[in-house]
There are 2 protein chains.
Amino acid sequence: MRIGELAARAGTTTRTLRYYESRGLLPARRNDNGYRTYDENDLKLLRQIRTLQDFGFDLEETRPFVECLRAGHPEGDSCPASLAVYRRKLDELDALIGELQAVRAKIGLRLAMAEGEPPLCELGGQEL
Amino acid sequence: MRIGELAARAGTTTRTLRYYESRGLLPARRNDNGYRTYDENDLKLLRQIRTLQDFGFDLEETRPFVECLRAGHPEGDSCPASLAVYRRKLDELDALIGELQAVRAKIGLRLAMAEGEPPLCELGGQEL
DNA sequence: TGTTGCCTTGACGTCGGCGTCAAGGACTAC
DNA sequence: GTAGTCCTTGACGCCGACGTCAAGGCAACA
C-alpha cells in the first residue's frame, strides 16, 4: 500500500506519515518508482502511535511502543520500556491533575469572593 | 522606575515587559531620553498579569483584569468581564481535568493489563 | 576619556507537530 | 497526447511567550 492509502486507513495525512518517517519513527520501503510502500504491520504501528498521541503522549514517548511492536511483540506495551513510559506518564498526569485542581480551587474561591463582595462596578444588577 | 527595576521587582525580565507592551497590555510612559518609565501601579498590573499567567491564563485572558485595575477598581476581578473569564476558565479546567482523568484511567488499566499478563519479553524478572 | 551598565529597536530562534504551497515525476484512463 | 490523480522533495508558515543576539545611545563614575 502507498502513503495515501495508509494515511486514509489510519485517519491521518500523508504529511504526518512523512513527518514520522523524518523522525525515524515509521520508516518506509520504496518501490521501483521511489514511492513509499507500507504493509499491514505498518498500519498497526501507525495506529499505536495515533492512540498514544490521543492520550497526550508526544512522539518520542511512542517510540518504545513502536519498537516493541516491530520487535515482534503482540502489543506495543509488551515491553518494559513501554511500561516505564506508562508509569512516568501516570506520574505526570497525577501531578498535572493535582495542579489543575489546585488552580481550579483558587479560581473558584476568587470567583466566589468577587461575587460575594458588593459589585463596586458599573454593573446594573444582572443575574449573578 | 525603569524597566529593569520593574522586571526585577516582579520577578520577570525586561524582554517580557517589552513583549507585554507590544501586545498593548502594559504600555509605558517615556522620559526625556526615551527610557520607559513605570510607577507602583504598573507593578500592580504586572503582578496581576503574572498571577493569572501562573494559573494558566494566556495573555489575552488577563486583559480584562488589567483594564479593570487601570479603570481604578481595587482588584482586577472587580469587573464583570473578569468574572466571565473566571467562569470560562473554570469550565475549561473542569473539562480538561475530566479528560485527563479519563486518560489516566485508561493508561492505568493498560498498565495493569500489561503487568498482569506474562511478560513475553526478554525481561529477566526485575521487580515489577 | 574611557569603561561600565543600563537602556533602545530590530530581528531571528525556540518548541512540536504538523499545514500548505511549489515544482516536478509517475501512472492510469481515455 | 493529455488530463487527472497520485507521488516525490524542499521549504516556509503557524502558534504563544518569550530568549537571545546585534548595534548602538545615554548616564555615571574614575
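Values reported hereafter were calculated over all heavy atoms of this structure, with side chains retained and with hydrogens, waters and symmetry mates removed. What you see is a predicted model; the values in this text were computed from it and never measured. Naming convention: chains lettered A, B, ... in sequence-line order (proteins, then strands); numbering from 1 in each chain.
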Whole angstrom value for the distance that separates [atom2] of [N] from [atom1] of [X]:
{"X": "Asp58(B)", "N": "dC15(D)", "atom1": "CG", "atom2": "P", "value": "13 Å"}
{"X": "Arg23(A)", "N": "dC18(C)", "atom1": "CZ", "atom2": "P", "value": "12 Å"}
{"X": "Phe55(A)", "N": "dG17(C)", "atom1": "CZ", "atom2": "P", "value": "17 Å"}
{"X": "Tyr19(A)", "N": "dG19(C)", "atom1": "OH", "atom2": "C1'", "value": "13 Å"}
{"X": "Asp54(A)", "N": "dC18(C)", "atom1": "CG", "atom2": "P", "value": "10 Å"}
{"X": "Leu26(B)", "N": "dA17(D)", "atom1": "CG", "atom2": "P", "value": "15 Å"}
{"X": "Glu60(B)", "N": "dC15(D)", "atom1": "CD", "atom2": "P", "value": "13 Å"}
{"X": "Leu17(B)", "N": "dA17(D)", "atom1": "CG", "atom2": "P", "value": "15 Å"}

Requested in this report: Keeping the roles fixed (side chain from Thr14(B), backbone from Gly4(B)), state whether a donor-acceptor pair exists under 3.5 Å.
Outcome: no

Query raised in the report: Backbone N or O of Gly76(B) within a donor-acceptor pair of the Ser82(B) side chain at under 3.5 Å?
Result: yes

Query - Check: Phe55(B) ring centre within less than 6.0 Å of Tyr86(B) ring centre - result: no

Query raised in the report: side chain to side chain donor-acceptor pair (under 3.5 Å) with Arg15(A): which residues, sequence neighbours excluded?
Result: none

Side-chain N,O ([X]) to OP1/OP2 ([N]) below 4.0 Å:
{"X": "Tyr20(B)", "N": "dC18(D)", "value": "yes"}
{"X": "Gln53(B)", "N": "dC18(D)", "value": "yes"}
{"X": "Thr13(B)", "N": "dC18(D)", "value": "no"}

Query raised in the report: Along nucleotides 7-12 of chain C, 5' to 3', which nucleotides get a B, which get an S, and which get a -, given that the test is a protein heavy-atom distance under 4.0 Å?
Result: SBB-B-

N/O donor-acceptor pairs under 3.5 Å from side chains in residues 95-114 of chain A, not counting sequence neighbours:
from: Arg104(A); atom 1: NH1; to: Asp94(B); atom 2: OD1; distance (Å): 2.7
from: Arg104(A); atom 1: NH1; to: Asp94(B); atom 2: OD2; distance (Å): 2.7

Query - Electrostatic pair Arg9(A):Glu40(A) at N-O distance under 4.0 angstrom - result: yes

Query raised in the report: Would the number of heavy atoms belonging to other residues, nucleotides or ligands and lying under 6.0 Å from CZ of Arg23(B) be above 12?
Result: no

